[in-house]
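Report on the following structure.
Basis for what follows: all heavy atoms, side chains included, without hydrogens, waters or symmetry-related copies.
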Amino acid sequence: MAATKLLLIDGNSVTFRAFFALYSQLDRFTNGAGLHTNAIYGFNNMLDVLLKNEQPDAVLVAFDAGSKTFRTKEYADYKDGRAKTPSELLEQIPYIKQLLEARGIKHYELPDYEADDIIGTTAARADAAGWTTTIVTGDRDLTQLTTDSTTVQVTVKGVNELEAYTPAHVKEKLGITPDQIVDLKGLMGDTSDNYPGVTKIGEKTALKLLQQFGTIDNLYANLDDLKASKMKENLINDKANALMSRELARILRDAPVTVQLDELDYMGDQIDALRALYTELEMRSFLAKLGGSSAADKPQTPVEYTVVDDQSIADVVKLTGPVTFELEMLGDNYHTSEAFGFFIGNANVTYVSTDVSLLTLPAVKDWLEAQALCVFDSKRNYVAATHLGLTLTNIDFDVLLASYLLNPDDNSNDLGKIASEHDYFDLPMDEDVYGKGAKRSVPEDDVLFSHFARKSAAMLALQPHLLEDLKSQDQADLFTNMEMPLARVLAKMEIAGITLDQPTLKKMGGEFEQTMKVLEEKIFAEAGVKFNLNSPKQLGEILFEKLNLPVIKKTKTGYSTSVDVLEQLKSASPIIQDILDYRTISKIQSTYVTGLLKAVLPDGKIHTRYLQTLTQTGRLSSVDPNMQNIPARDEGKQVRYAFVPSHPDWQIFSSDYSQIELRVLAHISGDPNMQEAFREDRDIHANTAMNIFNLDSPDQVTPDMRRQAKATNFGIVYGISDYGLSQNIGITRAQAKAFIDGYFAQYPLVKTYMDNMVKQARENGYVETLFHRRRYLPQIHSRNFNLRQFAERTAMNTPIQGSAADIIKVAMIRMDKALADAGLQAKMLLQVHDELIFEAPTSELETLSSLVPKIMDSAVDLAIPLKVESHFGPTWFDAK
DNA sequence: CTGCTCACG
DNA sequence: ACGTACGTGAGCAGA
């Protein structure tokens, strides 16, 4: 008989993980009684996956019995100073235990001992009985329990991505055996469990010592072998700490655990109890799974629809109440993909057809253009409708935009997926209906129309909930008066497109080809061998193995050959400059010459798509092609000569906000010193230079000081670290730290702002922009230093970058209206984060020169003025 | 399909 | 001691 398989779960640790993994969904996971359910949900999800993958014969979930344990008796500060568990999590723990019972799984806790000790003891007993064991936890310390028959699975991300530790994997990752983990912890201590270890010894040093000496005991027995050093002194002074910390880290394998192996049989789901619990918790997807059918995976609710023809289509005008609408297409790119069908529906009926031309019949067109419509992705529908000759003017609810504002993480472009995230499960994903890749196609009518009807029903069901959620998050205004109208403005810009002067670009391409050929030959001659210059792998081998240049930086797959590395190698070999030159031109050629030429549509224009629901900050992004990263400096800038107006005697006109992010920072931080600099329209970088270098007059600011001050200003906006700044401007970390300290001394409220944002993120779980755009930062609670620091920087940066994005969005909406009101022919074509680009008849340039800056700088009323600069010329190159 | 590199704000 | 700037998209190589 095969060995018994035992699954041991660290209940506290996994509950914690599940709670924070779904932290941003806290509001959504609440039942009618006001109980939060996100951790229960996440825990149950993880159970499903584990039970399926591990197929265990026996399962035990261990919990801590309380915060007082034998360890706190030994060392009063153990686990002291931890943030207390949020009440939203605490209230879920009894339910998780109830859930386990209903799923036929034993759970256990033991006064005075931690869950770890229960697991360690039970695993030891299982080893002795010849069982194989899998332990699941979020705590790496448990890897000390790995043996040949016990594997420890540690959560990496959320609760369902696990890293399996076997003795071999521990050896590979740390270079030590599982037994040595306690010695490691003894030396390095543990900040989250709050025990000290040896001063100044961290993981790296501790591992080195253990690889040399094996154990703490042996290390102290042979201390004489270490040469005199600060570290040796610390080891001697902190010996007691090291020994104590080792014992605190040691998980018991002989705790007085009363539950025996033969009581751990996995009994399987207790259907009635489970159904009652799911019902109480309002977990519809799990309830559906219980049904025994595949109901959860494939919605089976029968749906009705009415196929219309050129006569019956006239009935749509009689629809009352909220009306849904959708033009469906297979491709992502709605500029090139054609609509193959549509639906129009309300609560009672869904009209469907695969003949989109029906919509242009006089009986429908006027009605549809004026009707208030609920859609999914309004911009796509605006563009698709335009292709049919329809001008929709009254889309008033977009499920996609609403869902994005509620949480920008929900950036799926699939209605089915978004619906299920909002607890509506009766809609499959498009991919399941249309297929993907080469197999993507329009299914037979009944399948298609049923899908349409389900979509319409989903949209009607979601709309009121989303609207209510938006209101409760104070985002109704952001939704109704910013994102909804912006979608239409963006649609107009995308449809307008920008004309590409193809002959000019092709000519430039030819010249680049020549130059590249010359450089290529030269590089091959210098290297003494031909190779693929575009392959970082091959280039690395040539530079660092054949030519033996010093290795500056490595990537996880090999040598780094990025610009900053090559710059440092310039003096070592003449080949480097040629490679740099080749790289520059090759980039321009592939991405901006051939790349852009490929993107031109038959009208000779480039029609980018702005993604309105992607970025985590509220910025737009641009794809197919990206029009927000066209070269603006050095040689690459030439590409801008190829962007021209669509009519003769027109020009390109461009206006950009000057220092918008720093101005936003000056406003929201309320810092008087920074505000004064902007009120007096001083050179902000020179001003900062005076502050951090302690100068008395602007005349003393050298160009290099200004450059460094500029980098510091950027760093501040990004949520500064001394290391990052030092890397960026090539100074020491100490110098960078001095800059930052000087900065905060001069702009004290900026420092306060930074601290407040981090605090806000910790307390609320999210930060907000000026216009209440929200970003959740669950990782602000992470035990992982890197993830936590990243969340903290993001907390500082997002309100700044996001508010700037809000401001230009307001300006764009007002600009669109102003152009129409003034009866101008000028068209807004592009947005590049802080810049708007237009084409206009030469006769309108004067008007634009005053109108555009006026609209842009009055988009919001800040404590300091916004500044806008404008340029124009015959090409985009000249409008700068 | 991922990683590297590099273009923009 | 840790290992780091914020937000994006595209082309190419190499699995």
Side-chain angles (χ1 to χ4, degrees), chain A residues 187-191 197-207 408 531-540 553-566 580 583-584 586-592 594-596 598-599 608-611 614-637 639-640 656-657 659-661 711-712 714-729 733 736 740 775 784-790 792-802 804-805 808 830-835:
Chain A
L187 290 174
M188 64 186 274
D190 187 316
T191 43
V198 176
T199 309
K200 289 281 179 190
I201 291 190
E203 188 176 337
K204 285 276 155 67
T205 319
L207 284 172
F531 62 100
N532 186 345
L533 265 170
N534 293 320
S535 161
K537 185 166 177 275
Q538 294 183 31
L539 178 61
K553 199 165 79 180
K554 287 202 137 203
T555 66
K556 54 179 148 180
T557 52
Y559 311 107
S560 170
T561 66
S562 62
V563 239
D564 51 315
V565 169
L566 296 186
L580 283 167
R583 277 257 179 93
T584 309
S586 155
K587 171 80 179 178
I588 301 169
Q589 179 69 3
S590 64
T591 306
Y592 299 106
T594 55
L596 286 173
K598 270 188 268 181
T608 186
R609 277 155 50 229
Y610 289 103
L611 304 187
L614 183 137
T615 71
Q616 297 300 299
T617 55
R619 275 191 175 183
L620 301 174
S621 86
S622 158
V623 292
D624 291 344
N626 183 353
M627 286 301 293
Q628 292 181 316
N629 72 347
I630 303 299
R633 298 179 275 266
D634 308 323
E635 304 99 300
K637 196 179 171 186
V639 170
R640 295 189 172 213
D656 64 283
Y657 284 110
Q659 311 296 352
I660 187 163
E661 292 191 344
T712 309
F714 275 107
I716 292 287
V717 168
Y718 295 154
I720 198 132
S721 77
D722 50 13
Y723 180 87
L725 182 63
S726 72
Q727 287 297 298
N728 192 294
I729 50 181
R733 224 171 129 160
I740 296 166
R775 180 176 188 177
N784 178 321
F785 180 88
N786 285 325
L787 294 179
R788 191 174 63 245
Q789 289 262 306
F790 181 68
E792 288 172 4
R793 288 198 296 274
T794 314
M796 303 183 229
N797 171 263
T798 296
I800 303 173
Q801 186 180 122
I808 196 167
L830 300 172
Q831 186 250 43
V832 192
H833 309 306
D834 63 357
E835 175 184 14

Who pairs with A:Lys537 by salt bridge (charged side-chain N to carboxylate O under 4.0 Å, His left out), at least two apart in sequence or on another chain? A:Glu541

Relative to the 5' end of DNA chain C, which residue comes earlier, A:Asp624 or A:Arg775, by the nucleotide with the nearest heavy atom? A:Arg775

Going 5' to 3' along DNA chain C, between which two nucleotides do contacts with chain A fall, using a heavy-atom cut-off of 4.0 Å? C:dA1 to C:dG14

Examine distances only and state if a side-chain atom of A:Thr798 and a backbone atom of A:Thr794 form a donor-acceptor pair shorter than 3.5 Å. yes

Starting at the 5' end of DNA chain C, which residue's closest nucleotide do you reach first, A:Lys200 or A:Phe790? A:Lys200

Please classify the nucleic acid contact of A:Thr205 as base, sugar-phosphate, or nothing, using heavy-atom distances under 4.0 Å. nothing

Once side-chain hydrogen bond (donor to acceptor under 3.5 Å, both in side chains) is applied, do any residues pair with A:Asp834, and if so which ones, sequence neighbours excluded? none

In dot-bracket form, how is DNA chain C paired, counting a Watson-Crick or G-U wobble pair only if both its distances are under 3.5 Å and using | for bases paired to another strand? .....|||||||||.

Roughly how many Å apart are C:dG3 and B:dC8, using the C1' atom of each and rounding to a whole number? 26 Å

Under 4.0 Å, heavy atoms only, any strand: does A:Ser721 hit a base, just the sugar-phosphate, or nothing? base

If a pair satisfies salt bridge (charged side-chain N to carboxylate O under 4.0 Å, His left out) and one of its residues is in residues 616-625 of chain A, list it, with sequence neighbours excluded. A:Arg609-A:Asp624, A:Arg619-A:Glu661

For A:Ala711, which contact category applies under a 4.0 Å heavy-atom criterion: base, sugar-phosphate, or nothing? base

CG/A:Leu787 to CD/A:Glu792 distance, rounded to the nearest 0.5 angstrom? 11.0 Å

A:Phe531 meets the ring-ring contact (aromatic ring centres under 6.0 Å, His included) criterion, sequence neighbours left out, with A:Phe524

For B:dA7 versus C:dT4, give the span between their C1' atoms, rounded off to a whole number of Å. 22 Å

Please enumerate all residues that pass salt bridge (charged side-chain N to carboxylate O under 4.0 Å, His left out) together with A:Asp656, with sequence neighbours excluded. none

A:Phe714: which residues meet the ring-ring contact (aromatic ring centres under 6.0 Å, His included) condition with it, sequence neighbours left out? none

Quick one: label A:Leu725 by what it contacts on the DNA or RNA (base, sugar-phosphate, nothing), any heavy atom closer than 4.0 Å. base

Under the salt bridge (charged side-chain N to carboxylate O under 4.0 Å, His left out) test, residues paired with A:Lys553 that sit two or more places apart: A:Asp564

Side chain to side chain contact (heavy atoms under 4.5 Å, CB included) with A:Thr199: which residues, sequence neighbours excluded? A:Asn234, A:Asp238

Counting any heavy atom closer than 4.0 Å, what does A:Asn728 reach on the DNA or RNA strands: base, sugar-phosphate only, or nothing? base

A:Asp722: partners by salt bridge (charged side-chain N to carboxylate O under 4.0 Å, His left out), with sequence neighbours left out: A:Arg733

For A:Gly719, report the nucleic acid contact type (base, sugar-phosphate, nothing); a contact means any heavy atom under 4.0 Å. nothing

Can you build the contact string for nucleotides 4-9 of chain B? Use B for base contact, S for sugar-phosphate-only contact, and - for no protein heavy atom under 4.0 Å. SSBBSB

When the P atoms of C:dC2 and B:dT5 are considered, how many whole Å apart are they? 24 Å

